[in-house]
Amino acid sequence: PAPRAELEKSLSAISHYDKWIIDGWGSWHLIEERFQKADTIIFVDHPLRIHLWWALKRQIKASLFPGSVDQPNGCDLSKVSWQMLKMIWKTHTGARPKLTKLISSFRKTKTVYHLCSPKQMNAFIHKNCH
C-alpha cells in the first residue's frame with residue numbers, strides 16, 4: 001500500500017482539476033474525502049465470487065506471462081496472492097456494508113452508479129466511455 005501522506009498529497013493535487021478519476025482503496029478518511037469532492041461515484045459491487053475469480057485470473061496471468069498485467073513497479077504479484085484474496089474477502093464482508101451506507105448518503109447530491117454485475121458494467125462502459 002502507498003503511504004497515507006502520499007495518497008493525501010495525490011488526492012489534493014488531482015482534486016483541483018475540473019475532471020478526475022480515482023480508482024482504488026485507501027483509509028476510510030480518504031474514501032470519505034474523495035466522495036465528498038467527487039460529483040460522480042461509480043461503485044463496482046459485483047458478487048464476491050466474481051471479484052475473487054477476476055483477481056485469481058489476473059494472478060495466474062501475471063505468473064504465467066510476466067509483464068502482461070499492469071502492476072506497481074517492483075511488485076511481484078505471485079507473492080501477494082494470498083494477501084490479496086484475504087483483502088478481497090475482508091473488504092466484501094466487512095467494509096462493503098459501510099461503503100454501501102456511505103454511498104447511499106450521497107445519492108441526493110451526486111450522480112451514483114451502482115454496478116452489480118459484469119453485464120451492468122459493460123453496459124455502463126458502452127454508454128459512457130467513448
Side-chain angles (χ1 to χ4, degrees):
R4 181 179 175 146
E6 183 180 324
L7 289 173
E8 289 174 350
K9 182 179 176 184
S10 295
L11 176 62
S12 178
I14 205 168
S15 65
H16 290 29
Y17 290 97
D18 290 337
K19 295 181 179 185
W20 46 270
I21 297 174
I22 299 176
D23 175 30
W25 204 245
S27 70
W28 193 254
H29 167 77
L30 287 177
I31 290 169
E32 289 176 323
E33 186 177 337
R34 285 164 34 186
F35 285 5
Q36 288 169 0
K37 290 181 177 185
D39 62 3
T40 303
I41 299 169
I42 304 169
F43 182 26
V44 179
D45 187 26
H46 297 336
L48 178 61
R49 70 183 185 285
I50 291 173
H51 286 294
L52 290 172
W53 173 238
W54 284 359
L56 283 171
K57 283 194 322 185
R58 181 174 185 255
Q59 295 302 99
I60 292 166
K61 186 175 180 182
S63 294
L64 295 176
F65 307 102
S68 65
V69 299
D70 186 30
Q71 60 192 49
N73 290 334
C75 178
D76 181 355
L77 289 179
S78 65
K79 294 181 180 178
V80 297
S81 295
W82 183 245
Q83 179 184 357
M84 180 205 55
L85 294 174
K86 288 191 320 186
M87 185 262 323
I88 291 170
W89 176 264
K90 286 173 64 175
T91 300
H92 190 82
T93 59
R96 184 183 163 275
K98 189 175 175 184
L99 186 60
T100 302
K101 185 177 179 179
L102 177 64
I103 290 170
S104 292
S105 73
F106 288 110
R107 287 193 183 276
K108 291 182 181 177
T109 59
K110 304 189 183 291
T111 302
V112 175
Y113 296 96
H114 190 160
L115 308 175
C116 297
S117 71
K119 186 177 180 178
Q120 284 182 342
M121 189 168 73
N122 288 333
F124 172 84
I125 292 168
H126 180 73
K127 181 179 177 185
N128 297 289
C129 304
H130 306 107

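Shortest non-hydrogen contact noted between I21 and I14 is O-CD1, 4.2 Å. The minimum heavy-atom distance linking H92 with P97 is given by the pair O-CD, 3.9 Å. Listed here is the closest heavy atom pair of C116 and P47: O-CD, 3.6 Å.
Atom CD of residue Q36 and atom OG1 of residue T109 lie 9.5 Å apart, to the nearest 0.5 angstrom. E32 contributes atom CD, which lies 7.5 Å from atom CZ of F106 (distance to the nearest 0.5 angstrom). Distance check: F43 CZ to L102 CG gives 10.0 Å after rounding to the nearest 0.5 Å. The structure places CD1 of I41 at 11.0 Å from CD1 of I31, a figure rounded to the nearest 0.5 Å. If you take NE2 on H51 and OG1 on T91, they are separated by 9.5 Å, rounding to the nearest 0.5 Å. The NE2 atom of H46 sits 12.5 Å away from atom CG of L52, with the distance rounded to the nearest 0.5 Å.
Applying the salt bridge (Lys or Arg N to Asp or Glu O under 4.0 Å) rule to pairs touching residues 96-117 yields D45-R96, sequence neighbours excluded.
L99 places a side-chain heavy atom less than 4.5 Å from the side chain of F35.
Environment of CH2 in W89: sparse, with no more than 12 heavy atoms of neighbouring residues, nucleotides or ligands closer than 6.0 Å. Surrounding CH2 of W28 are more than 12 heavy atoms belonging to other residues, nucleotides or ligands, all under 6.0 Å away. For K90, the NZ atom counts as loosely surrounded, since its 6.0 Å shell holds 12 or fewer non-hydrogen atoms of other residues, nucleotides or ligands.
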Run F124 and Q120 through side chain to side chain contact (heavy atoms under 4.5 Å, CB included) and show every step you take. CA-CA 6 Å; F124 172 84; Q120 284 182 342; over 6 Å; no
